[in-house]
Amino acid sequence: MSIQEKLEAAILRALSSLRESGTLPAQAEIPTSLTLERPKNRDHGDYATSIALALAKSAGIPPREIATALQGQLLADGEIAQDLAGVDIAGPGFLNLTLAKASQGGTIEAILKSGSEFGKSSTLSGVKVNLEFVSANPTGPLHLGHTRWAAVGDALGRVLSAAGADVTREFYVNDRGVQMDLFGESIRSSALGMPRPEAGYHGLYIDELAKIIVESHPEFTKLPESESIHAFRDAGYALQLADQQRVLDAMNTHFDIWFSEKSLYENNFFHHCLETLKKQGHVFEHEGAIWLRTTDFGDDKDRVMIKSDGSFAYFASDSAYYISKRERGFDVLIYMLGADHHGYVNRLKALASCAGDDPKKNIDILIGQLVKILENGEELKLSKRAGTIITLEELIEKVGVDAARYTLIRYPVDTPMVMDVDVLRSRTNENPVYYVQYAHARICGVLRNAADLGIAFGADHIHPELLENERERELIGSLGEFPRIVASAAELREPHRIARYVEELAGVYHRFYADCRVLPLGDEAPTSLHSARATLCKSTAQVIANSLALLGVSAPEKM
RNA sequence: GUCCCAGUAGCUCAGUGGAUAGAGCGACCGCCUCCUAAGCGGUAGGCCACGGGUUCAACUCCCGUCUGGGACACCA
């Protein structure tokens, strides 16, 4: 149990004993859990709680009076009193807690003991999560519109796993339907030197695909039109999907399952889904088409699953895919969609309700705003190579995987963002990924030197009582926050919190480094303080590395 | 017309109901004879779009207005 959790438990304990003793009346609304705040102002201690303010009304007692009683309880609590150097009442009734030095050492010890496991929790343990992201059509290269999810989705998967969830990352492959046929037709047209279909695909990559396919299968061009289109379609699809997989792999983004849309219609699965939905009573027939009455659950119109001509509407796939995920045992289905799909939110939630589920619990839809990319101050839209828009691969070539991933992840997804290629290539404070990586490399350098000088550091050399500098206190405080940051990032599905946190941590470290000499100067003899500071450095490097690992960004030992 | 998102320092943006609203860039002034200056410190810069409401407490929650961006097919 971390020191923070210990304190939280102690406060709850204090509150209930105050109620038992009659200091707090029975009608006081004592919460069952509470989270301590980290005050921004150093004068307000290491942790603070406003619980006295919150209780004042229901208890009918002035907040400062409650705070005073609480203060007395905490100081008399044998299990916690020795961890506290101070319990102060401030302002209207805040309770400010200052940790004893020895308790701060507990944070360092926990980090060194847990290593790469530090920060993990069990807040989501037992929850089976299906995380679906990217899900690009396999009819072209991955482009800028997919990059944000490729990075954020992957990071979210890592964060959820760190919080104990059982996560399956899934890529939905739209391998059937009109678009696929157009794709095949476009490749075939290129192979035969014919004009492309009007609504078809026009990128140069189509010509490349055509060339590759014709080389290995010249006979495709001689097949009857329909068969030929299908042959080109299937071959092109296989090549394009493999290409997407290669690029995602290079992006350090990995999937557990590549789910085929086509498979939803094999082995009578769709029919089974329809029967399942019918049992819930929201399926109906109208003018020869089969509908789902999503308006029963707040959708603005009902949705067609099977059109009157017997063909499947897109919503048929959505429905069957949803049923498939639930039948495969997932409790929480996370969908990561682009802003252009926000109209899907209501119908997907209504679909969950139509299937008898609770949309608040079983489905979670994240909408990502657009990404723009700037180079030399101009927006990049056209890509010579793809003939359409800039590809994910080109972005990686320009700025590298670490910078691309980090930048894409560090903003909340519901705000539009601009990536400036020139900034991402710069090696200054302006470029947060370097700022953070540099802090890690810097620590590694110090620790190499420490080892050369024969200075001992590690779990046996924490010496918390020697770490008296304000910068040291600040650094230890930041390190201790990591587990709660991971837990909240997972709960809120906001991996950008990890990035913001590690930037803050790197800043705190750089300030510590500027003020506190870690290694002996000149001929100075090594002391316990040198060991203690080197140990603090080591634990900081560990937390930075753990943070970057959650983002899928490397933590270099040298730069 | 309906719906979604945004509006915070000159610029790009953080900020899960708490105390004096933050960071980077840009501007100005400083810090390397010794651990990575890809770093650190300081100064200047804010009616948190506007108006109501809820609350002990609102940048944060609710309603409305204005401005900007996007979405609204028996399309995939």
Side-chain angles (χ1 to χ4, degrees), chain A residues 35 37 39-41 43-44 48-50 52-54 56-57 62-63 90-94 96 137 139 174 176-182 199 261 286-291 300-309 311 313-315 317 338-346 367 369-370 374 410-412 414-418 420 423 426-432 434-435 437-439 441-450 452-453 455 484 488-489 491-492 494 496-497 499-500 503-504 506-507 509-524 530 533-534 537 558-559:
Chain A
T35 306
E37 297 161 26
K40 290 168 203 142
N41 189 330
D43 297 335
H44 298 150
T49 178
S50 56
L53 292 161
K57 191 163 195 183
F94 290 104
N96 294 333
N137 285 334
T139 52
N174 299 107
R176 65 176 289 279
V178 177
Q179 292 302 316
M180 284 304 294
D181 292 340
L182 265 174
E261 181 186 359
H286 178 66
E287 294 180 354
I290 307 290
W291 301 64
D300 52 0
K301 65 172 100 170
D302 293 325
R303 304 291 168 179
V304 172
M305 292 194 289
I306 304 178
K307 301 181 200 174
S308 50
D309 67 4
S311 64
Y314 198 71
F315 197 65
S317 295
D340 54 339
H341 285 71
H342 98 264
Y344 280 45
V345 174
N346 281 341
I367 297 294
Q369 297 292 323
L370 301 179
L374 243 52
R410 83 183 277 266
Y411 299 96
D414 55 6
T415 63
M417 65 168 291
V418 178
D420 189 324
V423 168
S426 75
R427 302 173 150 202
T428 62
N429 278 4
E430 203 176 352
N431 191 354
Y434 281 110
Y435 183 79
Q437 289 183 318
Y438 178 63
R442 202 179 208 189
I443 296 172
C444 291
V446 171
L447 294 179
R448 279 191 298 271
N449 295 340
D452 289 347
L453 292 170
I455 290 167
R484 65 161 22 172
S488 68
E491 194 183 322
L492 300 168
E494 292 185 348
H496 78 274
R497 288 170 186 277
R500 297 290 169 169
E503 283 168 37
E504 171 65 24
Y509 179 78
H510 285 310
R511 287 191 283 280
F512 155 81
Y513 182 88
D515 284 5
C516 298
R517 178 79 200 184
V518 177
L519 302 177
L521 270 172
D523 298 335
E524 209 182 338
H530 298 126
R533 286 183 171 165
C537 287
K558 278 184 185 173
M559 286 174 78

Pairing of RNA chain B as dot-bracket, 5' to 3': ( ) intra-strand, [ ] crossing, | other strand, . unpaired, with Watson-Crick or G-U pairs under 3.5 Å? (((((((..((((....[...)))).(((((.......))))).....(((((..]....))))))))))))....
Please tabulate the protein-to-nucleotide N/O contacts below 3.5 Å involving nucleotides 69-71 of chain B, giving atom names and distances.
{"from": "B/G70", "atom 1": "N2", "to": "A/H342", "atom 2": "NE2", "distance (Å)": "3.4"}

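- Between the side-chain ring of A/Y513 and the base of B/C35, a stacking contact exists by the 5.5 Å and 30° definition.
- A salt bridge links A/D300 to A/R303: at least one charged side-chain nitrogen sits closer than 4.0 Å to a carboxylate oxygen.
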Summarise protein proximity over nucleotides 17-26 of chain B in one line of letters, 5' to 3': B for base, S for sugar-phosphate only, - for none, counting protein heavy atoms closer than 4.0 Å. -BBB---SS-
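- Applying the ring pair (Phe, Tyr, Trp, His ring centres under 6.0 Å) rule to A/F512 yields the partners A/Y509; only residues at least two apart in sequence or on another chain are considered.
- Syn is the glycosidic conformation of B/C32, whose angle stays within 90° of 0.
- In this view, A/T49 and A/I11, A/L34, A/L36, A/I51, A/L95 satisfy the side-chain contact (heavy atoms from CB on, under 4.5 Å) rule, not counting sequence neighbours.
- Rounded to the nearest Å, the gap between the P atom of B/C63 and that of B/C72 is 25 Å.
- A/D414 meets the side chain to side chain donor-acceptor pair (under 3.5 Å) test with no other residue; sequence neighbours excluded.
- The side-chain contact (heavy atoms from CB on, under 4.5 Å) test applied to A/D309 returns A/K307, A/S311, not counting sequence neighbours.
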Between protein and nucleotides 27-34 of chain B, map the contacts as a letter string: B base, S sugar-phosphate only, - none, heavy atoms under 4.0 Å, written 5' to 3'. -------B
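- In this view, A/R448 and A/C444, A/E557, A/K558 satisfy the side-chain contact (heavy atoms from CB on, under 4.5 Å) rule, not counting sequence neighbours.
- Applying the ring pair (Phe, Tyr, Trp, His ring centres under 6.0 Å) rule to A/F315 yields no partners; only residues at least two apart in sequence or on another chain are considered.
- With sequence neighbours left out, A/L453 forms a side-chain contact (heavy atoms from CB on, under 4.5 Å) with A/I455, A/L519, A/P520.
- Under the ring pair (Phe, Tyr, Trp, His ring centres under 6.0 Å) criterion, A/Y438 pairs with A/H510, sequence neighbours left out.
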